[in-house]
Amino acid sequence: MEMRQVNNHKVYRANRNRVFQYILRHDLTTRSEIAHSLNLSMPTVINIVKSLMDDGFVYEAGAAESNGGRKAVTLACNTRARLSVGIDITLHHISVVFVDMKGAAIFKQKTAIPFERTGEYYAFLARFIDGCMLSHGIDPALILGVGVSVPGRLSGDSRTLLYSHVLNESDMLCAELEAYLPFPCRFCNDANAAALAELWNNHSIGTAVYLSVSDSVGGAVIINDVLYTGGNQLAGEFGHMTLVDGGKPCYCGKRGCADAYCSASSLSSLTDGKLDAFFALLRQNHAAANESWQAYLQNLSILINNLRMAFDCPVILGGYIGEYIEPYIDALRGMAGRRNTFSQDASYIKAATFQHEPSAVGAALLFIEPFIAQI
């Protein structure tokens, strides 16, 4: 009898999660649609919906369109029943986003501040988040946690930044941030975080390479919709593939790395670190900006073609450059296609569908995804 009760409870919990996720994926639905789509009895659906409403995750959103009979009551997900914070830490900036249970960024803000592993820096970060919550009326009790995107290699439990060339730090602990933030924290590699946001936005990517081009160049390998991190969690370090033997110095201490030629900062350095300003000049057909952009595209096309030769799958271009690439993607495809030994069709190059602060959003999802799984 006891075993049967345990099994019944497991079935109920599984069905409750299925119902919630169905409502989450649909803007509006009804109890009868849920019962039909999930092959559940109406009494079961009614009972589960009531429990989800009692917990504040679902609400009745009004009457559905009538086909002549009694109007059904529509259901919607309270996507702001819980929120998560995502932070993207770079050498010169921090970006903060608040993400709801649908993975949507309900608020985001970026500010310039040099990274320092100091109490003053962490205190500023805490004040910045507090200010965001206060200005947008966000209840801290709804926050599940803070995901922190960082450029570097992490420990297996994502609680320690083992080493970051970009930040020039090692053995940095989540506990250092948690001393200033009243929420649990978890690190995520910045490129992996951006790829997680892309996967959330498109659940059927399959196999692809995600190339993150921001102030540093990184990436992620996605195999059957799952991130492949490698034997040492270093898969996707495309920024440190050698592009030019003995070429420009890279921040890592080597010469000729792809990062030295393809990072967004190689463009924004021409406009006082402002990437928007560079692309504004490009739209104005500014001669120096055009020359720099053409050289940049050539280098980027070499890197992308190398990835295509290695993985033979789509290459998704994201990061800061991904926000701006759409008007220029045909030119990039043309350059990459001419380098390809087997086919000049470079339609495999895709612009990321998640283009605004993907690393911060992906980091926030580290708390959203497991919470949804246990509802």
Side-chain angles (χ1 to χ4, degrees), residues 1-84 86 98-106 138-139 141-145 147 184 186 195-208 222-227 353-354 361-362 364-375:
M1 179 66 71
E2 185 176 334
M3 182 62 70
R4 182 182 299 173
Q5 289 175 340
V6 169
N7 288 337
N8 287 342
H9 180 70
K10 286 183 177 179
V11 170
Y12 174 81
R13 296 295 302 182
N15 284 334
R16 175 179 149 104
N17 191 259
R18 290 173 65 209
V19 169
F20 175 76
Q21 297 219 34
Y22 184 90
I23 298 171
L24 183 67
R25 291 194 304 270
H26 296 78
D27 291 333
L28 291 174
T29 188
T30 65
R31 291 169 177 82
S32 60
E33 287 174 354
I34 295 169
H36 176 74
S37 299
L38 300 183
N39 195 27
L40 295 172
S41 71
M42 183 59 78
T44 296
V45 171
I46 290 171
N47 184 36
I48 288 173
V49 167
K50 182 181 183 303
S51 74
L52 291 170
M53 291 177 64
D54 289 344
D55 289 340
F57 295 129
V58 170
Y59 64 95
E60 293 184 339
E65 292 292 328
S66 174
N67 292 322
R70 182 180 177 183
K71 292 183 179 180
V73 176
T74 60
L75 302 169
C77 176
N78 178 13
T79 59
R80 298 194 182 187
R82 295 292 188 278
L83 303 171
S84 179
F98 286 77
V99 171
D100 67 13
M101 291 204 299
K102 205 159 188 174
I106 62 172
I138 295 172
D139 183 356
L142 302 180
I143 303 299
L144 296 170
R186 184 178 170 191
L196 286 173
E198 189 72 12
L199 277 166
W200 182 275
N201 214 35
N202 179 4
H203 292 288
S204 57
I205 287 176
T207 297
I222 302 168
I223 300 176
N224 296 328
D225 295 320
V226 177
L227 287 184
T353 60
F354 207 116
V361 171
L365 292 173
L366 295 177
F367 287 92
I368 294 291
E369 197 163 16
F371 180 78
I372 287 175
Q374 59 81 48
I375 287 178

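Remark: the backbone N or O of Ala141 is paired with a side-chain donor or acceptor of Asp139 at under 3.5 angstrom. For the pair Thr29 (side chain) and Leu75 (backbone), a donor-acceptor distance under 3.5 Å is absent. Gln374 places a side-chain N or O within donor-acceptor distance of the main-chain N or O of Phe371, the cut-off being under 3.5 Å.
If you take CG on Asp100 and CZ on Arg82, they are separated by 13.0 Å, rounding to the nearest 0.5 Å. From Ile372, atom CD1 reaches atom CZ of Phe367 across 14.0 Å, with rounding to the nearest 0.5 Å. Here Tyr22 contributes atom OH and Leu40 contributes atom CG; the two are 11.0 Å apart, rounded to the nearest 0.5 Å. Note that CZ of Arg25 is 9.5 Å distant from OG of Ser37, once rounded to the nearest 0.5 Å. Distance check: Glu33 CD to Ile23 CD1 gives 10.5 Å after rounding to the nearest 0.5 Å. The CZ atom of Phe354 sits 6.0 Å away from atom CG of Asn201, with the distance rounded to the nearest 0.5 Å.
In this structure Thr30 satisfies the side-chain hydrogen bond (donor to acceptor under 3.5 Å, both in side chains) test together with Ser32, sequence neighbours excluded. Remark: Asn202 pairs with Ser204, Ile205 by the side-chain contact (heavy atoms from CB on, under 4.5 Å) rule, at least two apart or across chains.
Taking the side chain as every heavy atom from C-beta outward, Arg80 and Leu142 never approach each other to under 4.5 Å. Annotation: side chain of Leu38 is not in contact with side chain of Asn15 (no heavy-atom distance under 4.5 Å). Proximity of Asp27 to Lys102: side-chain heavy atoms (C-beta onward) are separated by under 4.5 Å at one or more points. Residues Arg18 and Ile34 fail the side-chain proximity criterion, which asks for heavy atoms closer than 4.5 Å. Side-chain contact between Trp200 and Val361 is absent, with no heavy atoms from C-beta onward closer than 4.5 Å. For the pair Met101/Ile375, a side-chain contact is recorded, criterion being any heavy-atom separation below 4.5 Å from C-beta on.
Across every non-hydrogen atom of Ser84 and Gly145, the tightest pair is OG-O, 3.4 Å. Nearest heavy atoms, Ile223 versus Thr207: CA-OG1, 3.8 Å. In this structure, Ile222 and Ala195 approach most closely via the heavy-atom pair CD1-CB, 4.4 Å. The two residues Gly103 and Leu365 make their nearest non-hydrogen contact at CA-CD2, 3.9 Å. Contact record, Ala76 with Leu28: CB-CD2, 4.0 Å, taken as the closest heavy-atom pair. Between Leu24 and Cys77, the shortest heavy-atom distance links the atoms CD1-SG, 3.5 Å.
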Side chains of residues 43-52: which donor-acceptor partners sit under 3.5 Å, not counting sequence neighbours?
from  : atom 1 : to    : atom 2 : distance (Å)
Thr44 : OG1    : Ser41 : OG     : 2.8
Lys50 : NZ     : Asp54 : OD2    : 3.0
Ser51 : OG     : Tyr12 : OH     : 3.2
Ser51 : OG     : Arg16 : NH1    : 2.8
Ser51 : OG     : Ile48 : O      : 2.7

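Heavy atoms of other residues, nucleotides or ligands lying less than 6.0 angstrom from CG of Asp225 number more than 12.
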Yes or no on side chain to side chain contact (heavy atoms under 4.5 Å, CB included) for Val73 and Arg31, after CA distance, side-chain angles and deciding distance? CA-CA 8 Å; Val73 176; Arg31 291 169 177 82; 4.1 Å; yes
